[in-house]
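In what follows, a single structure is set out as structure tokens and then discussed.
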Amino acid sequence: MPVAAGWRTVPSSHIITESIMSEWLSIKQARQSESIGQTVEVRGWVRTRRDSKGGFSFIEVNDGSCFGNLQIVADGSLPNYQTEIVTLSVGSSVVITGEIKASVGQGQATEMAASVVRVTGIASATDYPLQKKQHTFEKLREWAHLRPRTNTFGAVARVRNRLSYATHQFFQNDGFLYVHTPIITASDCEGAGQMFRVTTLPIDRLPMSNGKVDMSQDFFGKASYLTVSGQLEGETYATALGKIYTFGPTFRAENSNTSRHLSEFWMIEPEMAFYEIADNMTLAERYLKYMIQDVLSHCAEDMDFFEKRIQPGVTAALQLVLDKPFTRMTYTEAVEILMGCGEKFEYPVEWGIDLQAEHERFITEKHVQGPVILYNYPKQIKSFYMRLNDDGKTVAAMDVLVPGVGEIIGGSQREERLDVLTERMVESGLKTEDYWWYLDLRRFGTVPHAGFGLGLERMVQYTTGMANIRDVIPFPRSPGNCDF
RNA sequence: UCCCUUGUAGCUCAGUCGGCAGAGCAACGGACUGUUAAUCCGUGUGUCGGUGGUUCGAGCCCACCCGGGGGAGCCA
């Protein structure tokens, strides 16, 4: 057990003379019945205070270690009862020493009988924005610096943390190597939408040459951008070290205003040498199931909250994902189902079109009622690096669709044949010389390989049932919004 | 970017036909022998998103601008 190392809010010169009074427990520990009988210290923020008829007060304290609060019973005989305790407002920070006891009241196993209540910081009740009631998520976005103090955002933060941890566990246990791909890149990779420009040029007086901006004078001597994917760089390490994964921030300058898109988000991209499309699907399914299992077993209290207050049925849906193998379906099969289902779609279905949200939703929510892996898409609607199938018209691409969120994973087997890849690049209007290093992977010891990308925020949405992606990342960046 | 919708007290919202700006919660003051969003009594709360216009008179009507939400496209 960690021992409080003389932590105080007094000036540091005073700390040395203070003796260690009692053990510092997290609220999570203090709420467990094994802690009954101990005299300990807890530190956190006041969630609510209720004054009782008997001349004493209940203070609920939370420190983020778990969903629940610890109920503190502060007796009227405490020296600072009238001066401080009865004025304790929501959001104030406290350090409280007392004995953990079995709770007399309903709703909690333990409570603390306070012997010392120290107030480290008052949150003025008239100024503190968070009230002891529900706020809309839209309002809480305006207070993104304070929203982690609410039940919902605390729970989201813990689930997000657990999903990140589970990601590393899963890949590390499987022998994958964590590779850091660059954030700043000079290659307009994949042509995957608009990129953020990175520059040190003065925007009010750009150096011009022949009527165009002279990029040779920029920091890197050429145009550079924030990455939209670490995939191409990831492939270089996979084709040397076998199985790798990246996990980092990704940027898209698309003017997307939806509940499923961010301008800055976190992506996990495994890339595996000697993997074919079927191996890729198996890995994606194992990975998703591992994360879900991990969250269900380690964030039970938070998941109870999401089940009761955010999206009833979310835990049963996740449990179902664990129990059932993912349905695998070719694009062609999906199109046949959509054309024969009798459903009226806004966008008509025919072979060759990119599937619309309504089509994907029908497949995953109505037809399969669970996760589905669609694969072998028409080559026209997919990227140049995806491996051309023998039929000459489809590529070995795969999307994992889940109910509610839609596409959670996109991936493919990569084109390992130099001649086919070069031809596809030319078709796509890309300059092969810009990708000389990428093509080198096919020139020197080329191997079949595959990989995929998973958007962490969409995974957090899926596991928590949170409706808007802006509420599953601490500080959301979207068009027109870069506050905090 | 397009379509729809919305902006009024700290928060959630009502505001009729264009005629004095109004509820709940929070806050504040008080009461109450163990409370769980405690309860009860009392008190106050305003750049009606902004700018301009119509009108004797605009929260309400008109124009433009800004922000929020939902849907679509793009994708993860």
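Per chain, numbering begins at 1; letters A, B, ... match sequence-line order.
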> Of A:Glu415, A:Glu235, A:Gln231, A:Gln413, which meets side chain to side chain donor-acceptor pair (under 3.5 Å) against A:Tyr385?
Replying inline: A:Gln231

> Heavy-atom count around A:Lys308 NZ within 6.0 Å, excluding the residue itself: above 12?
Replying inline: no

> How is A:Asp354 classified with respect to the nucleic acid when contacts are heavy atoms under 4.0 Å: base, sugar-phosphate, or nothing?
Replying inline: sugar-phosphate

>> Please report the distance separating the C1' of B:rG29 from the corresponding atom of B:rC65, rounded so that it comes out in whole Å.
In response: 45 Å

>> Could you work out, with ring pair (Phe, Tyr, Trp, His ring centres under 6.0 Å) as the rule, every residue matching A:His367, not counting sequence neighbours?
In response: none

> Side chains of A:Leu338 and A:Glu343: does their closest heavy-atom pair fall under 4.5 Å?
Replying inline: no

>> Measuring only the C1' atom in each nucleotide, how far is B:rG19 from B:rU55? A whole number of Å is fine.
In response: 12 Å

> Where along residues 255-262 of chain A does a heavy atom come under 4.0 Å from RNA chain B, residue by residue in number order?
Replying inline: A:Asn255, A:Ser256, A:Asn257, A:Thr258, A:Ser259, A:Arg260, A:His261, A:Leu262

> What distance, rounded to whole Å, do you find between the two C1' atoms, one in B:rC20 and one in B:rG67?
Replying inline: 31 Å

>> Taking only the P atom of each, what is the distance from B:rC56 to B:rA72 in whole angstrom?
In response: 48 Å

> Which whole number of Å gives the distance between the C1' atom of B:rC2 and that of B:rA58?
Replying inline: 32 Å

> Taking the same atom, P, in B:rU47 and in B:rA9, what whole-Å distance lies between them?
Replying inline: 8 Å

> Rounded to whole angstrom units, what separation is found between the CG atom of A:Leu140 and the P atom of B:rG68?
Replying inline: 15 Å

>> My understanding is that only residues two or more places apart in sequence, or in another chain, count here; which of them pass side chain to side chain contact (heavy atoms under 4.5 Å, CB included) with A:Glu138?
In response: A:Thr136, A:Arg141

> Looking across every strand, which nucleic acid part, if any, lies under 4.0 Å from A:Tyr347 by heavy atom: base, sugar-phosphate, or nothing?
Replying inline: sugar-phosphate

What donor-acceptor contacts under 3.5 angstrom involve side-chain atoms of residues 368-382 of chain A, with partners at least two apart or in another chain?
residue, atom, partner, partner atom, Å
A:Asn376, OD1, A:Asn389, ND2, 3.0
A:Tyr377, OH, A:Asp399, OD2, 3.3
A:Lys382, NZ, A:Asp399, OD2, 3.3

>> Output the rounded distance in Å from CZ (A:Arg141) to P (B:rG68).
In response: 9 Å

> Hey, does A:Thr250 reach any base, or is it just sugar-phosphate, or nothing, if we go heavy atoms under 4.0 Å?
Replying inline: nothing

> With nearest nucleotides of RNA chain B determined for A:Glu407 and A:Asn481 from heavy-atom distances, which residue corresponds to the more 5′ nucleotide?
Replying inline: A:Asn481

> When the C1' atoms of B:rC11 and B:rG46 are considered, how many whole Å apart are they?
Replying inline: 14 Å

> Which is true for A:Arg361 with a 4.0 Å heavy-atom rule: it touches a base, it touches only sugar-phosphate, or it touches nothing?
Replying inline: sugar-phosphate

> Between B:rA27 atom P and A:Leu88 atom CG, what is the distance in whole Å?
Replying inline: 13 Å

> Would you say A:Arg50 reaches B:rA38's phosphate, i.e. side-chain N/O to OP1/OP2 under 4.0 Å?
Replying inline: yes

>> Restricting to ring pair (Phe, Tyr, Trp, His ring centres under 6.0 Å), what partner residues turn up for A:Phe67, sequence neighbours left out?
In response: A:Phe305

> Is it true that A:Glu457 and A:Arg160 have a side-chain N and a carboxylate O under 4.0 angstrom from each other?
Replying inline: yes

>> Once side chain to side chain donor-acceptor pair (under 3.5 Å) is applied, what residue pairs with a partner in residues 60-78 of chain A remain, sequence neighbours excluded?
In response: A:Arg50-A:Glu60, A:Arg50-A:Gln71, A:Glu60-A:Asn69, A:Asn62-A:Asn69, A:Asp63-A:Ser65, A:Gln71-A:Glu111, A:Asp75-A:Ser77

>> Nearest whole Å is fine: how far is B:rC75 P from A:Phe196 CZ?
In response: 17 Å

> Less than 4.0 Å between a side-chain N and a carboxylate O, is that true for A:Arg286 and A:Asp174?
Replying inline: yes

> Are side-chain N/O atoms of A:Thr246 and A:Tyr237 paired as donor and acceptor at under 3.5 Å?
Replying inline: no

> Atom CD of A:Glu138 and atom P of B:rU5: how far apart are they, to the nearest Å?
Replying inline: 18 Å

>> Please give the distance between the C1' atoms of B:rC48 and B:rC60 as a whole number of Å.
In response: 10 Å

Would you tabulate the nitrogen or oxygen pairs shorter than 3.5 Å linking the protein to nucleotides 31-34 of chain B?
residue, atom, partner, partner atom, Å
B:rU33, O5', A:Lys53, O, 3.3
B:rG34, OP1, A:Ser52, OG, 3.4
B:rG34, OP1, A:Lys53, N, 3.1
B:rG34, OP2, A:Lys53, NZ, 2.5
B:rG34, N1, A:Glu111, OE2, 2.9
B:rG34, N2, A:Gln71, NE2, 3.4
B:rG34, N2, A:Glu111, OE1, 2.5
B:rG34, N2, A:Glu111, OE2, 3.1

>> I'd like to know whether A:Glu142 forms a salt bridge (Lys or Arg N to Asp or Glu O under 4.0 Å) with A:Lys139, so could you lay out the CA-CA distance, the side-chain angles of the two residues, the decisive distance to 0.1 Å, and finally the verdict.
In response: CA-CA 5 Å; A:Glu142 296 175 20; A:Lys139 184 52 70 178; 3.3 Å; yes

>> In this structure, is the centre-to-centre distance between the rings of A:Tyr347 and A:His359 below 6.0 Å?
In response: no

> Got a minute to check which stems RNA chain B is part of, using Watson-Crick or G-U wobble pairs under 3.5 Å, three or more consecutive?
Replying inline: B:1-7 with B:66-72, B:10-13 with B:22-25, B:27-31 with B:39-43, B:49-53 with B:61-65

> Is the distance from OP1 or OP2 of B:rA38 to the nearest side-chain N or O of A:Thr48 less than 4.0 Å?
Replying inline: yes

> Can you name the side chain to side chain contact (heavy atoms under 4.5 Å, CB included) partners of A:Pro148, sequence neighbours left out?
Replying inline: none

>> I'd like to check the ring pair (Phe, Tyr, Trp, His ring centres under 6.0 Å) partners of A:Phe153; sequence neighbours left out, ordered by chain and number.
In response: A:Phe137

> Within less than 4.0 Å of OP1 or OP2 of B:rG73, is there a side-chain N or O belonging to A:Gln356?
Replying inline: yes

>> For A:Phe484, is the CZ atom crowded, meaning more than 12 foreign heavy atoms sit under 6.0 Å from it?
In response: yes

> What is the nucleic acid contact for A:Arg470, judged by heavy atoms within less than 4.0 Å: base, sugar-phosphate only, or nothing?
Replying inline: sugar-phosphate

> Under 6.0 Å between the ring centres of A:Phe171 and A:Phe247?
Replying inline: no

Restricting both atoms to N or O, compile the protein contacts to nucleotides 9-13 of chain B shorter than 3.5 Å, with distance only.
residue, atom, partner, partner atom, Å
B:rG10, N2, A:Gln131, OE1, 3.1
B:rG10, N2, A:Gln131, NE2, 3.1
B:rG10, N3, A:Gln131, NE2, 3.1
B:rC11, OP1, A:Lys139, NZ, 3.2
B:rC11, O2, A:Lys133, NZ, 2.8
B:rU12, OP1, A:Thr136, OG1, 3.4

Please produce a list of atom pairs where a protein N or O lies less than 3.5 Å from an N or O of nucleotides 45-50 of chain B.
none

>> Please report whether the ring centroid of A:Phe170 lies less than 6.0 Å from that of A:Tyr245.
In response: no

> Given atom CZ of A:Phe305 and atom P of B:rA37, what is their separation to the nearest angstrom?
Replying inline: 13 Å

>> Judged by each residue's nearest nucleotide on RNA chain B, which is more toward the 5′ side, A:Gly410 or A:Thr87?
In response: A:Thr87

